[in-house]
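Report on one structure; see the data block that follows.
Since the structure is predicted, the reported quantities are computational estimates derived from the model, not experimental observations. Residue numbers start from 1 in every chain, and the chains themselves are labelled A, B, ... in the order their sequence lines are given, proteins ahead of strands. Hydrogens, waters and symmetry mates play no part in the numbers below; they use all other heavy atoms, side chains included.
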Protein chains: 4
Amino acid sequence: MQAPQDTKPRWERRKDARPQELLAAALDQFVERGYAATRLEDVAKRAGVSKGTLYLYFANKEELFKAVVRENIVHAIGEAEQDAAVFDGPSSVLLRAILMKWWDQICATQLAGITKLMLAEGNNFPELAQFYNEEVVARGNGLIASVLVRGIGRGEFRPVDPAVMTQVLVAPVLMLMMWTHSFMPTCEMPPIDPHAFMDTLIGVTLSGLEVAQP
Amino acid sequence: MQAPQDTKPRWERRKDARPQELLAAALDQFVERGYAATRLEDVAKRAGVSKGTLYLYFANKEELFKAVVRENIVHAIGEAEQDAAVFDGPSSVLLRAILMKWWDQICATQLAGITKLMLAEGNNFPELAQFYNEEVVARGNGLIASVLVRGIGRGEFRPVDPAVMTQVLVAPVLMLMMWTHSFMPTCEMPPIDPHAFMDTLIGVTLSGLEVAQP
Amino acid sequence: MQAPQDTKPRWERRKDARPQELLAAALDQFVERGYAATRLEDVAKRAGVSKGTLYLYFANKEELFKAVVRENIVHAIGEAEQDAAVFDGPSSVLLRAILMKWWDQICATQLAGITKLMLAEGNNFPELAQFYNEEVVARGNGLIASVLVRGIGRGEFRPVDPAVMTQVLVAPVLMLMMWTHSFMPTCEMPPIDPHAFMDTLIGVTLSGLEVAQP
Amino acid sequence: MQAPQDTKPRWERRKDARPQELLAAALDQFVERGYAATRLEDVAKRAGVSKGTLYLYFANKEELFKAVVRENIVHAIGEAEQDAAVFDGPSSVLLRAILMKWWDQICATQLAGITKLMLAEGNNFPELAQFYNEEVVARGNGLIASVLVRGIGRGEFRPVDPAVMTQVLVAPVLMLMMWTHSFMPTCEMPPIDPHAFMDTLIGVTLSGLEVAQP
DNA sequence: TATGAATGAGATTTCATTCAT
DNA sequence: TATGAATGAAATCTCATTCAT
């Protein structure tokens with residue numbers, strides 16, 4: 001069952017994989033229970049290790065949480081930034097790609113729970129809130145704004161205020177994310193087709209943005 | 001020593017007012033910090049009483065929270081139910097009145113924080129979630145659905161599924177509520193005019209609901 | 001058995017006395033075990049209360065320790081400062097009184113253990129060391145130096161450097177303190193008569209300090 | 001591959017040197033931080049090995065500390081015992097040599113920190129205290145006492161109680177050691193010239209001890 | 001009715017020690 | 001021999017809840 005080209009002994013592969021396992025377990029637990037209510041002992045149990053092991057890899061609960069965010073969300077933002085930097089086509093295509101990637105990789109996954117968590121508990125953990133705003137909100141919004149600036153600069157988009165326009169784009173997606181992830185499991189929500197929603201949102205917004213072609 | 005026009009001695013009025021004061025303090029604290037992070041000591045301090053006094057009126061933290069919800073939200077739902085029961089005019093007027101009351105008394109006030117709190121922490125406190133769904137979500141939705149049924153029965157509304165239609169009505173209001181109450185303080189949102197939003201929402205929905213007048 | 005003029009109920013007197021009891025227990029434990037090795041649970045047990053009770057009175061271990069130092073050592077320094085401020089006689093008498101008070105109230109008592117503790121563990125707890133140096137070492141030395149300045153100003157003492165002379169006075173007393181409090185119980189020390197030692201020290205030093213009377 | 005003039009292969013020389021390296025690192029760490037506050041991980045890091053390696057050479061923290069004491073202090077006492085056993089000259093010369101060796105090799109070096117450490121923490125680690133008293137205090141004092149007995153037996157010294165006289169000799173040296181090793185870094189001490197001190201101490205003591213030469 | 005001192009279970013974090021490789 | 005990942009007991013600190021007054 002082992003890939004033959006894997007030359008490392010089992011425990012060494014384990015060692016390398018350990019941080020990922022811990023981060024995965026932490027993500028599950030944070031999303032399931034929230035930040036404050038997550039007990040590190042439960043994270044450890046979930047990862048099949050002891051409490052102390054967590055501290056071999058992460059200095060404390062806060063750093064563990066930051067690592068989860070970095071590993072998942074910040075990483076994805078970085079990728080999107082790369083994509084944007086080398087992209088050569090129309091800005092509308094780039095913008096659509098970025099928003100869809102955001103939806104597919106974050107909003108539509110378990111990671112949406114992290115966003116919820118920050119909304120819910122950010123107030124009680126100011127350092128976490130600051131980190132999240134700097135690493136996620138600012139960078140994410142900045143990326144979108146930069147695409148808008150690009151489009152405006154290339155004459156593809158009408159000259160709008162990029163910061164405000166970013167909010168106009170981001171807000172509905174946040175809403176949809178909260179909507180589709182039933183925050184209160186027992187509170188049934190009417191079905192929304194996320195892809196249709198995203199498609200419509202992006203379509204309408206882009207057509208409003210684009211300079212009319214004569 | 002007592003003001004003569006007061007039928008009750010001062011301390012007795014105090015006694016009667018006490019639970020209200022405690023509930024007000026608890027509401028403030030719950031909204032400000034969330035459920036788990038609210039320390040009963042802070043609630044007591046805020047109300048100007050001792051921790052022990054809280055337990056004279058409320059069996060425990062959970063009951064205190066339930067009382068806050070009952071006193072404020074459930075109470076308002078009850079009033080709306082009363083209003084609906086005696087209302088005699090067109091269903092569209094009734095529906096508009098109910099939604100506007102919801103907005104004005106709950107969504108536009110501090111109480112929106114309770115909704116946020118339940119969305120955010122409900123998972124971690126199943127008994128609270130169950131209570132909230134039974135007393136607030138079910139009754140609130142039920143009220144709206146009943147008005148829809150009334151309108152359909154009276155030939156005012158087109159025959160739609162009341163449960164689904166209720167969701168369609170409720171969802172945007174929840175969205176707006178979350179939107180206007182900045183969940184993440186640092187994350188600036190584009191300005192929305194809540195009254196215009198509500199007006200448009202209700203107007204459009206009602207006109208779609210109403211049977212065409214020949 | 002109760003003094004009749006004591007009008008407070010027993011537990012109220014208890015409440016007032018509680019911090020003192022905790023400080024006494026903490027002093028015992030700190031002196032017996034050192035700072036790091038003192039477990040707050042043991043302090044609590046010694047005072048006949050629970051762990052949590054300690055935290056009603058002292059924010060944390062460090063503050064508890066500081067309170068012990070303040071209550072005992074800093075307090076005594078303050079008294080000595082008062083004494084010195086109102087004293088009207090010869091500086092040599094004042095100096096002797098201050099040194100003897102130091103010996104009797106601190107060096108010859110359990111409190112000498114605090115000095116030992118700071119010498120031994122100060123390095124590992126920089127904030128504690130800073131506190132101790134500011135509140136105890138600086139003020140204590142400052143008091144002695146001020147008496148020297150007074151004596152020099154009044155023509156009673158020869159013009160020496162007060163700071164250096166303070167060290168010359170303080171050092172042997174510290175030594176004697178360490179000596180008489182066997183730090184390693186099994187390491188027998190030759191008997192020293194502390195009073196004779198102090199008497200000689202002060203006598204010699206003063207006679208060296210004093211301006212020759214023609 | 002090995003340097004030919006080396007009879008042992010490099011890794012074997014390494015193996016032999018290893019315990020010494022560990023002991024040196026441990027000494028540094030113990031002196032710097034005290035016994036309790038020394039973390040074996042830091043010792044290992046300092047020696048450039050892994051934590052586990054420490055346990056290949058020393059059963060546990062206590063044994064490591066004992067080994068440090070043996071390697072350094074007990075070893076020096078043994079040498080002095082050898083010297084004394086074969087020494088053939090006047091007892092006063094022998095005594096002076098022993099005291100100066102003690103000063104130069106222990107008191108004036110980093111090893112003085114071990115003495116401080118035992119004074120400070122001995123109480124908390126009874127087994128360590130017992131070991132130290134048996135291996136260091138008893139043997140060291142015994143050595144000095146034996147020289148005194150030798151001198152008395154040879155008619156060089158006046159007939160004093162050797163045990164008491166030993167304390168009289170040892171005490172000031174301990175004092176000086178504590179004095180010169182600033183125990184509280186911020187607490188400045190007046191400068192003392194250790195060599196002058198030792199010289200005077202020994203000179204005065206010996207002249208008091210020696211039988212008057214007619 | 002009101003107080004607030006007291007409790008103790010439970011959370012995070014540290015570190016000596018073990019052991020599979 | 002050497003590693004270093006893993007363990008788990010123990011320490012500090014928090015806070016919902018109780019209860020003597």
| field | Most 5' of R39(A) and S50(C) on DNA chain E, judged by nearest nucleotide | value | S50(C)

To the nearest angstrom, how far is [X] atom [atom1] from [N] atom [atom2]?
X	N	atom1	atom2	answer
F58(D)	dT17(E)	CZ	P	14 Å
E21(B)	dT1(E)	CD	P	14 Å
N124(A)	dT14(F)	CG	C1'	15 Å
L54(D)	dT1(F)	CG	C1'	14 Å
L56(C)	dC13(F)	CG	P	14 Å
R33(D)	dC15(E)	CZ	C1'	13 Å

| request: Search all heavy atoms of N124(C) against all heavy atoms of A37(D) and return the closest pair with its distance. | output: ND2-CB, 3.6 Å

| Nearest heavy atoms of V43(C) and A25(C), plus distance in Å | O-CB, 3.7 Å

| Given that E41(C) and G52(B) both sit by DNA chain F, which one's nearest nucleotide is further toward the 5' end? | E41(C)

So do [Y] and [X] actually touch side chain to side chain, heavy atoms under 4.5 Å?
X	Y	result
T53(D)	F58(D)	no
I114(B)	F65(B)	yes
R39(D)	D42(D)	yes
D28(C)	Q110(C)	yes

Is the distance from OP1 or OP2 of [N] to the nearest side-chain N or O of [X] less than 4.0 Å?
X	N	value
T53(D)	dA2(F)	no
Y55(C)	dC13(F)	yes
Y57(B)	dA2(E)	yes

| field | Proximity to DNA chain F (any heavy atom under 4.0 Å), residues of residues 60-68 of chain C only | value | N60(C), K61(C)

| message | Under 4.0 Å, counting only non-hydrogen atoms across every strand here, what does L40(A) touch: a base, just sugar-phosphate, or nothing? | response | sugar-phosphate

| query | Is a donor-acceptor pair below 3.5 Å formed from side chain K51(C) to base dG10(E), judging by atom type as modelled? | reply | yes

| Considering Watson-Crick and G-U wobble pairs with both distances under 3.5 Å, what does dA20(E) pair with? | dT3(F)

| remark: dA9(E) -> Watson-Crick or G-U wobble partner, both distances under 3.5 Å, gives dT14(F)

| said: Could you check whether K61(A) makes a cation-pi contact with Y35(A), meaning its NZ or CZ is under 6.0 Å from the centre of the six-membered ring and within 45° of the ring axis? | reply: yes

